[in-house]
Amino acid sequence: MNVIYLDNNATTQVAKEVMESMLPYFREYYGNPSSMHTFGGQVGQKIRAAREQVAALIGAIPEEIIFTSCGTESDNSAIRSALATHPDRKHIITSRVEHPAVRALCAQLATQGYRVTELPVDKNGVLDLENLEKSMTPDTAIVSLMWGNNETGVIFPVEEAAKMAQEKGILFHTDAVQAVGKIPINMKNNGIDMLSLSGHKLHAPKGVGVLYIRRGTKYFPFMVGGHQEKERRGGTENVPGIIGLGRACELAAANIQKENNNVKSLRDKLEKELLERIPQSRVNGDTDNRLPNTTNISFEYVEGEAILLLMNELGICASSGSACTSGSLQPSHVLRAMGVPFTMAHGSVRFSLSIYNTEKEIDFVIEKMPGIIERLRGMSPFWNQSCANQ
Ligand code: PLP
């Protein structure tokens with residue numbers, strides 16, 4: 001069975017070019033970049049080149065790039081560093097819709113004496129910057145707000161928010177794991193002090209990420225050990241991963257227009273057709289200010305997990321906003337923060353596309369989805385009840 005992969009916010013396929021760039025570094029050039037000999041040293045040169053490629057994608061300078069193991073490590077490192085470098089400040093500002101890489105850390109820090117403000121969002125997932133203005137105090141060590149939401153694709157005005165924090169002398173971090181490679185990012189003079197990105201979201205492998213730290217920003221390392229990354233992140237480098245990430249960033253820079261045109265037009269077609277063909281369906285999140293590859297659609301009175309199971313039978317991969325994990329039937333924290341009604345939040349499906357999706361695939365999904373929803377609604381007592389009431 002062919003797989004139609006529409007779950008690219010979960011992870012992406014490693015690009016062929018990325019894979020090819022990595023292969024020699026497993027068996028031919030396997031030296032340690034910290035070694036004194038030429039065999040290892042040549043690997044160090046490739047890491048420097050990858051650092052330049054990553055920096056170029058986000059308008060940074062190479063020394064501002066620290067390689068980490070993933071987006072989660074970068075998020076944790078940024079927030080912990082802000083707290084360590086401002087030991088007199090005990091307040092963190094974030095939002096209600098952050099990824100667990102930030103939320104779970106803040107929840108843990110709240111048990112350790114820190115005060116955490118989670119800024120609310122409106123029904124479209126949009127952040128009100130006035131709330132940020134009001135929440136910042138002399139005790140605030142860091143503001144951490146995501147650039148693009150992984151569930152809805154909604155884009156936060158992080159550059160404006162960063163300027164506001166900067167004026168008050170507060171560090172600003174953004175989790176840009178979903179944004180990098182999908183929308184243009186230029187770190188020159190935007191007031192953002194730290195930014196996280198992750199390889200596996202942009203066609204590089206899993207196990208490699210980046211923490212960008214603006215030059216001059218005080219940093220307290222999360223991982224200590226060897227002298228790697230100028231003592232900002234100990235641990236022998238994931239050489240193939242780093243080289244692959246560099247190549248992926250180069251490709252992303254070249255493909256960003258394609259992402260914004262082709263991927264967006266496929267996403268828009270999918271969204272428009274599903275809304276037209278399936279009654280009582282709606283998009284969750286601000287549709288004007290959104291990552292070009294993401295749509296989160298709710299189908300009222302059906303269970304998201306059931307939709308995914310039937311899609312799975314046809315080889316269609318997506319995600320649901322209602323996680324039945326650990327016995328909890330709560331819809332996702334993002335949809336709850338947006339106040340999406342219960343009957344809608346439970347039936348939400350996130351479709352996230354990539355440059356590798358084709359129109360034929362999207363047409364197949366458009367053709368199959370109405371039947372899936374109709375079948376499930378036929379079994380739903382709530383749907384039958386709602387029809388009887390109409
Ligand atoms: N932040 C966001 C917005 C994400 O979507 C993810 C992954 O889904 C992460 C952080 C964590 O990244 P990683 O899987 O590289 O740890």
Side-chain angles (χ1 to χ4, degrees), residues 5-14 18 54 58 65-80 94-108 118-119 121 125 127 142-156 158 161 172-183 185 192 194-212 222-223 233 235 238 241-242 244-245 248-249 252 284-285 289-296 317-321 323 325 332-335 337-338 348 350-354:
Y5 189 76
L6 301 178
D7 202 12
N8 288 278
N9 288 7
T11 198
T12 59
Q13 183 181 43
V14 173
V18 168
V54 175
I58 60 169
I65 303 298
I66 299 183
F67 289 112
T68 64
S69 67
C70 59
T72 303
E73 184 192 323
S74 303
D75 286 343
N76 275 250
S77 305
I79 294 172
R80 287 191 185 280
T94 177
S95 85
R96 286 195 192 154
V97 297
E98 298 298 312
H99 187 272
V102 168
R103 274 190 100 218
L105 172 64
C106 289
Q108 190 191 69
E118 284 192 341
L119 300 175
V121 293
L127 192 73
I142 185 163
V143 176
S144 177
L145 294 171
M146 68 201 317
W147 202 313
N149 188 276
N150 46 302
E151 291 191 30
T152 59
V154 172
I155 295 173
F156 275 173
V158 284
F172 188 92
H173 163 253
T174 184
D175 174 343
V177 163
Q178 293 293 346
V180 172
K182 294 176 187 152
I183 55 171
I185 287 182
I192 295 173
M194 292 182 274
L195 170 147
S196 306
L197 69 92
S198 172
H200 73 107
K201 310 289 184 179
L202 71 152
H203 306 290
K206 296 160 190 65
V208 62
V210 160
L211 176 62
Y212 158 93
F222 181 47
M223 299 260 287
R233 200 272 186 185
N238 169 4
I242 289 172
L245 177 56
C249 286
N284 296 310
N289 215 357
R290 211 169 25 150
L291 299 174
N293 77 320
T294 309
T295 178
N296 185 311
C317 309
S319 279
S320 139
T325 45
S332 85
H333 69 282
V334 176
L335 300 184
M338 291 161 61
S348 85
R350 176 189 72 186
F351 301 91
S352 47
L353 284 65
S354 83

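Whatever order the structure lists them in is the order used to number ligands and atoms, beginning at 1.
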Give the atom numbers and elements of ligand 1 that come within less than 4.0 Å of a heavy atom of [X].
| X | result |
| --- | --- |
| M146 | 3 (C) |
| N150 | 3 (C), 5 (O) |
| S198 | 13 (P), 15 (O) |
| Q178 | 3 (C), 4 (C), 5 (O) |

Side chain to side chain contact (heavy atoms under 4.5 Å, CB included) assessment of R233 paired with F67: CA-CA 8 Å; R233 200 272 186 185; F67 289 112; over 6 Å; no

Option set L197, T11, D175, N76, criterion heavy-atom distance to atom 1 (N) of ligand 1, minimum: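 Closest candidate by heavy-atom distance is D175.
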
Distance in Å, S354 OG paired with K182 NZ, rounded so as to fall on 0.5 Å steps: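 That separation rounds to 9.5 Å.
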
Option among N9, N284, T152, N150 that satisfies the side chain to side chain donor-acceptor pair (under 3.5 Å) test with N296: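 Considering N9, N284, T152, N150, a side chain to side chain donor-acceptor pair (under 3.5 Å) with N296 is found only for N284.
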
D75, portion touching ligand 1 at heavy-atom distance under 4.0 Å: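 Looking at D75 and ligand 1, just side chain atoms fall under 4.0 Å.
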
Which segment of H200 sits under 4.0 Å of ligand 1 when only heavy atoms are counted: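 Just the side chain.
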
4.5 Å side-chain heavy-atom contact, L145 and E98: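 Counting from C-beta outward, L145 and E98 do come under 4.5 Å.
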
T12 vs L202 side-chain heavy atoms within contact, under 4.5 Å: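 T12 does not reach L202 side chain to side chain.
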
Heavy-atom nearest neighbour in the protein, as seen from atom 11 (C) of ligand 1, with distance rounded to 0.1 Å: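 That would be T72 OG1, 3.4 Å.
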
Step-by-step side chain to side chain contact (heavy atoms under 4.5 Å, CB included) determination, L197 to L245: CA-CA 10 Å; L197 69 92; L245 177 56; 4.3 Å; yes

